[in-house]
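Encoded as structure tokens, the structure appears first; notes follow it.
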Amino acid sequence: MDEFSEDIWSGLRSEPKYLQSKYFYDVKGDALFREIMDCPEYYLTRCEMEIFQTQSTTIAKTILSRLTEFDLIELGPGDATKSIYLLEAITTQNASFTYFPIDISENVIDQLNLNLPKRIPGIKVEGLKGDYLEMLGKMNGKSARNKVVLFLGSNIGNIPLDETADFLKALKSCLSPGDLLLTGFDLKKDPAVILAAYNDAAGITRQFNLNLLQRINDTLGSDFNLSHFEHQPEYDESTGACKSYLVSLKEQVVHIGSRGHIHFKAGERIFMEVSQKYSADQMDTFAREAGFSIVSHYFDTRSWFLDALWLAE
Ligand SMILES: C[S@@+](CC[C@H](N)C(=O)[O-])C[C@H]1O[C@@H](n2cnc3c(N)ncnc32)[C@H](O)[C@@H]1O
């Protein structure tokens, strides 16, 4: 609660204003994200689902050719809708592993602890609530086994491009030589297709963004009027950055509980989230610079999405 309050307050007092997208995910936000994944415009889930439905046996064999006993850690799994296929394939091939989902949303962790053993009988699940790297660092004190880390759904795209190399280096510093990392990357494609994915006709992504203002109201006692803000996504083809904003529809003052008040000019925007799009050679550079070698690339049939398997050197 204190960290949430600090982060919200400092983001809204910054110039330009921003909110951290990790705070989208409360019970309502988790449910809205599941609805986004079902939107016809949100191609990302269907592309990566195709990879996991059709190539999980191959991915599992590649992992098991290197490691047979490991901790399988997933960073930000959501409802694990795609990774479940890989978990099943690894289970079928008789590997010895415990699944450690790490997620900022307590609701996500509770649901996975409850539901995964029903779907995959005998699976060992130990959910960890918290931030990606903080929890991954804590894993080193918990277990001496090798790690296989999943970072799917283009969660990595929510990290600004100029911070990605440092993030991957920090992630690598939590790993040992021989550990594996499987990361999902959304690839550059028709800008209209990309923009539509963040601006669905049913308005679910709009609700998802506005829900963070509601969460701030509920948690900090603020008085955001949600009808005075509008969802505004934009895609810059040259940088590959798809950014979501909430724009203030009028000049207004919002009180953030006992913290104080924030002034908005008409048309002023709050930066909510980046969803970075990549070219395939960009990722190979990231891998090498962070100390990984490339094991395999898994594409969907349209080559819109890539899951890259890297080996920690
Ligand atoms: C966009 S959803 C994607 C879920 C899943 N990877 C997929 O592809 O379907 C992002 C997930 O990551 C979690 N998350 C976001 N930022 C996080 C952070 N900094 N640390 C831990 N979990 C985070 C969210 O709670 C949510 O479950």
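Order of listing sets the numbers, starting from 1, for every ligand and every atom in it.
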Fill in: Closest contact, heavy atoms only, Ala80 versus Leu112
CB-CD2, 3.8 Å
Discussion item. At less than 4.0 angstrom from any non-hydrogen atom of Gly153, what atoms of ligand 1 do you find?
Written reply: 8 (O)
Discussion item. Please report the interatomic distance OH(Tyr298) to CZ(Phe305), rounded to the nearest 0.5 Å.
Written reply: 14.5 Å
Practice prompt. Could you list the atoms of ligand 1 found under 4.0 angstrom from a heavy atom of Gly78?
Written response: 4 (C), 27 (O)
Worksheet item: Among protein heavy atoms, which sits nearest to atom 27 (O) of ligand 1, and what does the distance come to when rounded to 0.1 Å?
Response: Asp103 OD2, 2.7 Å
Worksheet entry | For atom 23 (C) of ligand 1, the option (of Phe151, Tyr132, Phe208) bearing the nearest heavy atom | Tyr132
Item to complete: Could you tell me if any non-hydrogen atom of Gly130 lies under 4.0 Å from any atom of ligand 1?
Response: yes
Fill in: Protein contact to atom 6 (N) of ligand 1 [nearest heavy atom, distance to 0.1 Å]
Gly76 O, 2.8 Å
Worksheet item: Relative to ligand 1, is Ser154 under 4.0 angstrom through side chain, backbone, both or neither, heavy atoms considered?
Response: neither
Discussion item. Ring centroids only, cut at 6.0 angstrom: are Phe33 and Phe24 within range, meaning strictly under it?
Written reply: no
Discussion item. What I want to find out is whether Glu126 reaches Lys142 closely enough, with some N-O distance under 4.0 Å, to be called a salt bridge.
Written reply: yes
Worksheet item: Donor-acceptor pair, Thr285 side chain versus Asp281 backbone, under 3.5 Å?
Response: yes
Item to complete: Quickly, which of Asp307, Leu306, Thr81 forms a side chain to side chain contact (heavy atoms under 4.5 Å, CB included) with Glu48? Name it, please.
Response: Asp307
Worksheet item: Is the ring centre of Phe229 less than 6.0 Å from the ring centre of Phe224?
Response: yes
Fill in: Closest candidate by heavy atom, reference atom 10 (C) of ligand 1, pool Tyr23, Phe33, Tyr25, Phe52
Tyr25
Worksheet item: Centre of Phe264's six-membered ring, under 6.0 Å away, within 45 degrees of the axis: is that where NZ or CZ of Lys17 sits?
Response: yes
Worksheet item: When you measure from atom 22 (N) of ligand 1 to every protein heavy atom, which one gives the shortest distance, and what is it?
Response: Ile104 N, 3.1 Å
Worksheet item: With a 4.0 Å cut-off on heavy atoms, does Met135 reach ligand 1?
Response: no
Worksheet item: Counting only heavy atoms, which portion of Phe24 has something under 4.0 Å from ligand 1: side chain, backbone, both, or neither?
Response: neither
Worksheet item: Taking the six-membered ring for Trp, are the ring centroids of Tyr198 and Phe208 within less than 6.0 Å of each other?
Response: no
Response to the item:
Checking heavy-atom distances from atom 8 (O) of ligand 1 to each of Glu48, Lys82, Met49, Met37, the winner is Lys82
Worksheet item: To the nearest 0.1 Å, how far is atom 3 (C) of ligand 1 from its closest protein heavy atom, and which atom is that?
Response: Asn155 OD1, 3.3 Å
Worksheet item: For atom 19 (N) of ligand 1, what's the nearest protein heavy atom and its distance?
Response: Asp131 OD1, 3.0 Å
